[in-house]
Amino acid sequence: MGNACYYSVEKLLSSSLLSKNLKVRIYKTVILPVLLYGCETWTLTLREEHRLRVFENKVLRKIFGAKRDEVTGEWRKLHNTELHALYSSPDIIRNLKSRRLRWAGHVARMGESRNAYRVLVGRPEGKRPLGRPRRRWEDNIKMDLREVGELDGKQLGGIFKFRQPMLLLRDPQLIESVIVTHFDCFHDNDFEVDVETYPLIGRNLLYLKGQMWDESKPKLRPAFETDNLKLMFPVILGVCQHFISHLTQEKYQVTLPVVLYGCETWTLTLREEHRLRVFENKVLRKIFGAKRDEVTGEWRKLHNTELHALYSSPDVIRNIKSRRLRWARHVARMGESRNAYRVLVGRPEGKRPLGRPRCRWEENIKMDLREMGHDDRKWINLAQDRDQWWAYVWVAMNLRDP
C-alpha cells in the first residue's frame with residue numbers, strides 16, 4: 001500500500017514546480033497515513049524496521065533530489081545523515097513507536113474484559129508450537145520503554161523532542177525549585193510566536209519571553225494568589241459549563257438538521273425509532289465523554305439515563321413528533337385538491353396487496369395524539385383550531401416517557 005501510494009504521487013515529488021516544504025507536506029499527509037495505518041498494533045522485528053527506514057529514505061531522496069559533490073563535481077544521492085538534517089521531523093520508526101505507546105495507554109486502561117486487551121496483552125490458553133516464540137505486541141512496548149529509559153526512582157532523565165535533546169523532571173521538589181524558587185532562570189518557553197502577526201496569542205502567558213515576561217510578571221502575579229484563584233473558580237466553572245452547552249448545541253446546528261431532513265413526512269416503525277435513539281446516544285456520548293466508575297475506578301461509557309440527565313433538550317423522537325404534528329396542521333388545512341393532502345391522507349383506489357398493511361403517515365399522527373390522551377378520530381377538524389393544535393405540538397415536544 002505504501003509503495004502504491006508513493007508511485008501515485010511520484011511525479012509531484014520530483015516536480016520542480018513544487019517547493020520542498022510542500023513535497024514534505026504531501027509525504028506527511030498522503031503517503032505516511034497510508035503506510036502507518038493500524039501501526040499501533042504492529043509487532044515489528046529489526047528487519048521490518050530497517051525496511052520501513054529504507055522506504056522513507058527513498059521518498060526523502062525523491063523530495064530533496066541529488067547533491068553535487070564538492071570534490072569531484074558529480075551529482076550523487078544524499079546520504080542518510082544529510083537526509084535527516086534536511087528532514088527535521090521524527091523518522092518513521094519514532095513516529096510508529098510514539099503511536100504504539102499512545103495506544104498502549106488506552107489498552108492498559110481498558111480492563112481484561114475488552115477484546116483489544118485480551119488480544120494484545122492476554123495470555124492464550126494451550127501450548128505454543130516448538131521453536132523460538134514470535135515477538136508479541138507487549139514485547140515491543142517493553143522494548144520501547146527500555147529504549148527511552150525507565151525513569152522510576154530517578155529525579156530526571158533525558159528525552160528527545162523530535163531531534164532536540166531535553167530533560168524530563170520527575171522529582172516533585174526539583175520541579176517546585178524550577179517553577180517557583182528559581183523561576184527567574186527558567187521563565188522562557190519553547191514556543192515561538194510573532195507578536196506583531198498574532199498580538200493576542202503572542203502576549204499570552206505561555207508565550208512570553210525575555211523583557212516582555214519581566215514586564216508582565218508583576219502584573220500577573222497577584223492573579224495567581226490563593227484568595228484570587230478561589231474568587232475566579234466560579235467564573236472558570238461557568239465558562240466550562242457554557243462551553244459544554246455550546247458543544248451540545250452544535251449537534252442541533254450541524255448534525256440534527258441533516259438527520260431530520262424531511263422527517264415531517266416519515267412513517268416510522270418502532271425499530272426505526274430505536275435506531276434513531278441509538279444514533280443520538282452515540283453523538284451525546286462523543287460530546288459528554290466517559291465517566292470514571294466510583295466502585296471499580298475504571299472509565300466507562302455513560303448510561304442512557306445519565307445522558308438524558310445531562311442533555312436537557314427533547315430527544316430526537318420527540319423532535320420528530322413535534323415537527324410531524326406541526327406539518328399535519330398545514331396538511332389538514334390544504335384541502336383534498338392538493339397533492340400533499342392526497343399523498344399523506346387520501347385513500348388510494350383499488351385493492352391493497354395481501355398481508356399486513358404498512359403503517360401510514362396518518363396512523364402516525366393518530367398514535368401521536370393517543371400518546372397525549374386525545375381522541376384521534378377527528379384530528380383534521382381539531383387541526384383547524386390553531387391555538388389548541390399548537391398546544392399539542394408543545395406537549396409532543398416536551399412529553400417525557402415514563
Side-chain angles (χ1 to χ4, degrees), residues 248-287 303-402:
T248 307
Q249 291 300 323
E250 287 294 319
K251 172 178 173 289
Y252 268 98
Q253 298 174 8
V254 180
T255 309
L256 205 60
V258 177
V259 174
L260 301 186
Y261 181 77
C263 67
E264 296 84 357
T265 61
W266 291 355
T267 55
L268 295 179
T269 61
L270 294 177
R271 182 179 181 182
E272 292 165 342
E273 289 183 2
H274 173 71
R275 292 181 62 184
L276 286 169
R277 285 194 176 96
V278 169
F279 173 81
E280 183 178 50
N281 291 339
K282 178 178 71 173
V283 176
L284 293 178
R285 285 191 176 93
K286 180 65 68 173
I287 292 173
H303 301 315
N304 293 346
T305 53
E306 296 171 327
L307 288 175
H308 297 161
L310 292 171
Y311 182 59
S312 57
S313 302
D315 64 13
V316 65
I317 302 302
R318 289 287 146 213
N319 211 316
I320 290 175
K321 292 182 178 181
S322 174
R323 297 187 184 194
R324 191 161 53 197
L325 286 175
R326 195 181 311 161
W327 174 241
R329 178 177 174 271
H330 296 292
V331 173
R333 292 185 294 113
M334 286 180 180
E336 298 180 0
S337 60
R338 300 285 294 274
N339 290 333
Y341 186 95
R342 291 200 299 266
V343 170
L344 296 174
V345 185
R347 305 289 182 178
E349 298 180 357
K351 293 184 178 181
R352 65 173 179 83
L354 296 176
R356 179 183 178 182
R358 294 183 178 180
C359 183
R360 295 177 300 152
W361 179 82
E362 187 179 9
E363 293 173 355
N364 275 132
I365 299 298
K366 294 179 179 179
M367 290 172 61
D368 297 341
L369 291 173
R370 283 198 297 269
E371 276 188 13
M372 295 177 284
H374 187 272
D375 186 8
D376 58 344
R377 289 175 293 180
K378 299 180 180 180
W379 72 272
I380 294 180
N381 296 332
L382 181 64
Q384 307 304 321
D385 189 344
R386 179 178 179 178
D387 295 336
Q388 188 176 1
W389 191 261
W390 272 105
Y392 284 115
V393 172
W394 184 87
V395 171
M397 174 68 81
N398 296 279
L399 186 65
R400 295 294 179 181
D401 295 330

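- With a 4.5 Å cut-off on side-chain heavy atoms, L260 and V316 count as touching.
- Listed by chain and number, the residues in a side chain to side chain donor-acceptor pair (under 3.5 Å) with R338 amount to none (sequence neighbours excluded).
- For V331 against Y341, the heavy-atom pair with the smallest separation is O-CD1, 3.2 Å.
- Taking both residues in full, the closest heavy atoms of V259 and W266 are given as O-CH2, 3.1 Å, listed atom of the first, atom of the second, then distance.
- Considering CG of L270 and CE of M367, their distance stands at 6.0 Å, rounded to 0.5 Å.
- Among D368, T265, T267, the single residue meeting the side-chain hydrogen bond (donor to acceptor under 3.5 Å, both in side chains) criterion with R324 is D368.
- Of the possible donor and acceptor atoms, none in the side chain of E264 sits under 3.5 Å from a partner among the backbone N and O of W327.
- Of all the heavy atoms in A328 and I365, the pair that sits closest is CB-CD1, 3.7 Å.
- When all heavy atoms of L307 and N281 are compared, the pair lying nearest together is CD1-O, 3.8 Å.
- Atom CG of L369 and atom CG of L325 lie 6.0 Å apart (nearest 0.5 Å).
- Heavy atoms from other residues, nucleotides or ligands lying under 6.0 Å from CZ of R275 number 12 at most.
- With no hydrogens or angles considered, a side-chain donor-acceptor pair links N319 and R323 at under 3.5 Å.
- Of the possible polar contacts, one joining the E272 side chain to the T269 backbone as a donor-acceptor pair under 3.5 Å is found.
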Determine, step by step, whether N304 and R285 satisfy the side chain to side chain contact (heavy atoms under 4.5 Å, CB included) criterion, reporting the C-alpha distance in whole Å, the side-chain angles of both residues, the deciding distance to 0.1 Å, and the verdict. CA-CA 9 Å; N304 293 346; R285 285 191 176 93; 2.8 Å; yes
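- For the atom pair H308 NE2 and D315 CG, the distance stands at 6.0 Å (nearest 0.5 Å).
- One finds the CG atom of L268 at 6.5 Å from the CG atom of L276 (value rounded to the nearest 0.5 Å).
- In plain terms, the two heavy atoms of E280 and P314 that are nearest each other are OE2-O, 4.4 Å.
- Crowding of H330 atom NE2: a count of heavy atoms from other residues, nucleotides or ligands under 6.0 Å exceeding 12.
- Residues that satisfy the side chain to side chain donor-acceptor pair (under 3.5 Å) test with E306, not counting sequence neighbours, are K291, R300.
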